[in-house]
Number of protein chains: 2
Amino acid sequence: MSNLSPEFALLGLLAEGPSHGYDLHQRLVTDLGHVWHLSQSQAYAILKRLEARGDIKSHTVEQDKLPARQKLQLTSQGRRRFQEWLDGGAASNARSIRLEFLTRLYFAQKNEPEKMADIYIAQFDQVQASIQRLTDLLAHLPPEQEYNRLSLDLRLRQIHLICKWLDEIKTKFQIEVPA
Amino acid sequence: MSNLSPEFALLGLLAEGPSHGYDLHQRLVTDLGHVWHLSQSQAYAILKRLEARGDIKSHTVEQDKLPARQKLQLTSQGRRRFQEWLDGGAASNARSIRLEFLTRLYFAQKNEPEKMADIYIAQFDQVQASIQRLTDLLAHLPPEQEYNRLSLDLRLRQIHLICKWLDEIKTKFQIEVPA
DNA sequence: CTCAATATACTCACCCGATGAGTATATCAG
DNA sequence: CTGATATACTCATCGGGTGAGTATATTGAG
């Protein structure tokens, strides 16, 4: 998968009730516009793909005066895929943590706040694993590889930074983590 | 452009002398494999595009035993484009700084070390501008936009981190910056 | 000696991400 | 009444990225 588009964010918005492309795009921009940057046309493209995959189904609704809409609904498969994404994974690099973790938290807070702790913990564990992986890589990197070293070094520090940021999020949302 | 592929890295390697796809890919992986992650097929795809654009020209060279090669050379346009990239721009977000700035520095150190300071300064200035931009955005963000705020906040901190990292690079390479 | 792994060199089919422009109608403010 | 903004969606085009396939040559382990 290694999915870095707001595909699941759209699925999640649609999980709150049937809607249509224009509206989903608007809502995503309003609520998560500084998380995901999504053009209108790209939103439609993703929705089309989701429909082709069977996560969404659509039918045309005529309107009195405005152009017809494609009313979209989640299929049960789509709902399952969204739940699996929400419960299942955790992102592993800086960018995808910012995007995916925040999106997971957003939907959890809205719909099932009791899940926030699980999401937090899964992400925290993943971050620890990344620190381990990058530290090992750095330790075994031949010393003459200066530029590779600088790159890995920055990545490692970025992950450490995310650790601190996660900790503040834990406090902010009063997430209880078992010792 | 907002180009986030190792296009210019390939151009830069070719600037050191005519070569062919397989070799360029190998060298990129060896020297900058933890900066750019580039599959072989993607390397060929980029080279093809560069040829279509007229930055590269190729001709077939038969070999005794091994498969024929497409020998690649920079055109004068390609050389110019590479120089413009090297001298011209500076990346503005965390990821592209890691990728592009390090790549610029790599080629400068190899071929024209006196340029390192200019590249450093251009990047530093760009980072200051990003800090300004993100700080302003955050200041004007409505307080109810929690998730947008968290995202911008992380981005801002990442840029601050890069500031420190840049400073260490300055020391490491003994770059002299006028006050 | 032989066979399998590795190296050389490149191609192809496919999908996803992203932009920018275009289309058409409706409403609202000045 | 006119021009900006909102509603609603389409299309062409490009670039990024994967995974598998093709074909031959060399090397090394048993």
Side-chain angles (χ1 to χ4, degrees), chain A residues 1-11 14 18-30 33 35-56 58-72 81 93 95-96 99-100, chain B residues 1-11 13-14 18-30 33 35-56 58-72 81 85 93 95-96 99-100:
Chain A
M1 292 268 146
S2 141
N3 174 22
L4 225 11
S5 85
E7 176 183 331
F8 289 104
L10 291 171
L11 240 29
L14 208 43
S19 183
H20 54 103
Y22 186 89
D23 177 58
L24 290 172
H25 174 251
Q26 293 282 96
R27 283 158 66 199
L28 188 58
V29 167
T30 306
V35 183
W36 301 99
H37 291 284
L38 182 66
S39 70
Q40 207 191 30
S41 52
Q42 184 59 8
Y44 283 107
I46 291 168
L47 291 169
K48 206 162 216 174
R49 175 159 47 87
L50 291 172
E51 193 181 350
R53 271 198 199 154
D55 292 339
I56 278 176
S58 76
H59 68 273
T60 305
V61 178
E62 298 296 335
Q63 298 187 102
D64 268 17
K65 319 208 149 163
L66 287 167
R69 290 173 178 172
Q70 288 299 112
K71 186 180 162 197
L72 305 174
R81 285 232 309 141
N93 64 289
R95 180 174 164 77
S96 67
L99 303 176
E100 292 208 78
Chain B
M1 291 273 142
S2 142
N3 175 24
L4 225 14
S5 83
E7 175 183 332
F8 290 104
L10 290 171
L11 240 30
L13 291 173
L14 252 189
S19 182
H20 55 104
Y22 186 90
D23 177 57
L24 291 171
H25 174 252
Q26 294 282 96
R27 282 157 66 199
L28 188 58
V29 167
T30 305
V35 182
W36 302 98
H37 292 283
L38 182 65
S39 69
Q40 207 191 27
S41 52
Q42 185 58 9
Y44 282 108
I46 292 168
L47 291 169
K48 204 161 217 174
R49 174 159 47 88
L50 290 172
E51 193 181 351
R53 272 199 200 153
D55 292 339
I56 278 177
S58 75
H59 68 274
T60 305
V61 178
E62 299 294 335
Q63 297 186 100
D64 269 15
K65 318 208 150 166
L66 287 168
R69 288 173 179 171
Q70 288 299 113
K71 186 179 161 196
L72 305 174
R81 283 234 308 144
W85 171 79
N93 64 289
R95 178 173 165 77
S96 67
L99 302 176
E100 292 209 80

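Lettering of chains follows the sequences in order, A, B, ..., and the numbering in each one begins at 1.
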What bend angle does the helix from C:dC1-D:dG30 to C:dG30-D:dC1 show across its length, from five-pair end axes and to the nearest 10 degrees?
-> 30°
So which of residues 22-30 of chain A are in contact with DNA chain C, with a heavy-atom cut-off of under 4.0 Å?
-> none
Side chains of A:Ile56 and A:Leu10: does their closest heavy-atom pair fall under 4.5 Å?
-> no
So, do B:Leu50 and B:Arg81 sit near enough that their side-chain heavy atoms are less than 4.5 Å apart?
-> yes
Taken to the nearest whole Å, CD1/B:Ile56 to P/C:dC10 is 12 Å
Please state how far atom CD in A:Gln70 lies from atom P in D:dA8, giving the value in whole angstrom units.
-> 12 Å
Rounded interatomic separation in angstrom, taking NE2 from B:His20 and P from C:dA9 = 5 Å
Reading nucleotides 13-21 of chain D from the 5' end, what letters show protein touch, with B for base, S for backbone sugar-phosphate only, - for no heavy atom under 4.0 Å?
-> --SSBBB--
Test log, rule side-chain contact (heavy atoms from CB on, under 4.5 Å), inputs B:Leu28 and B:Val35 = CA-CA 9 Å; B:Leu28 188 58; B:Val35 182; over 6 Å; no
Qualifying residues under side-chain contact (heavy atoms from CB on, under 4.5 Å), relative to A:Arg27, sequence neighbours excluded = A:Leu13, A:Glu16, A:Ser19, A:Asp23, A:Leu24
Does A:Thr60 have any side-chain contact (heavy atoms from CB on, under 4.5 Å) partners at least two apart in sequence or in another chain, and if so, which?
-> A:Glu62, A:Ala68, A:Gln70
In short, salt bridge (Lys or Arg N to Asp or Glu O under 4.0 Å) pairs touching residues 39-49 of chain B with sequence neighbours left out are B:Glu7-B:Arg49
Determine, step by step, whether B:Ile46 and B:Phe8 satisfy the side-chain contact (heavy atoms from CB on, under 4.5 Å) criterion, reporting the C-alpha distance in whole Å, the side-chain angles of both residues, the deciding distance to 0.1 Å, and the verdict.
-> CA-CA 10 Å; B:Ile46 292 168; B:Phe8 290 104; over 6 Å; no
What integer distance in Å separates A:Lys71:NZ from D:dT7:C1'?
-> 18 Å
Qualifying residues under side-chain contact (heavy atoms from CB on, under 4.5 Å), relative to A:Ser39, sequence neighbours excluded = A:Ser41, A:Gln42
For B:Tyr22, the side-chain contact (heavy atoms from CB on, under 4.5 Å) test, sequence neighbours excluded, returns B:His20, B:Gln26, B:Gln40, B:Tyr44
What do the steps show when you test B:Val29 against B:His25 for side-chain contact (heavy atoms from CB on, under 4.5 Å), and what is the final call?
-> CA-CA 6 Å; B:Val29 167; B:His25 174 252; 3.6 Å; yes
For A:Leu47 and A:Gly21, which heavy atoms make the closest approach, and how far apart are they?
-> CD1-CA, 3.7 Å
Does a nitrogen or oxygen in the side chain of A:Tyr44 sit under 4.0 Å from OP1 or OP2 of D:dC9?
-> yes
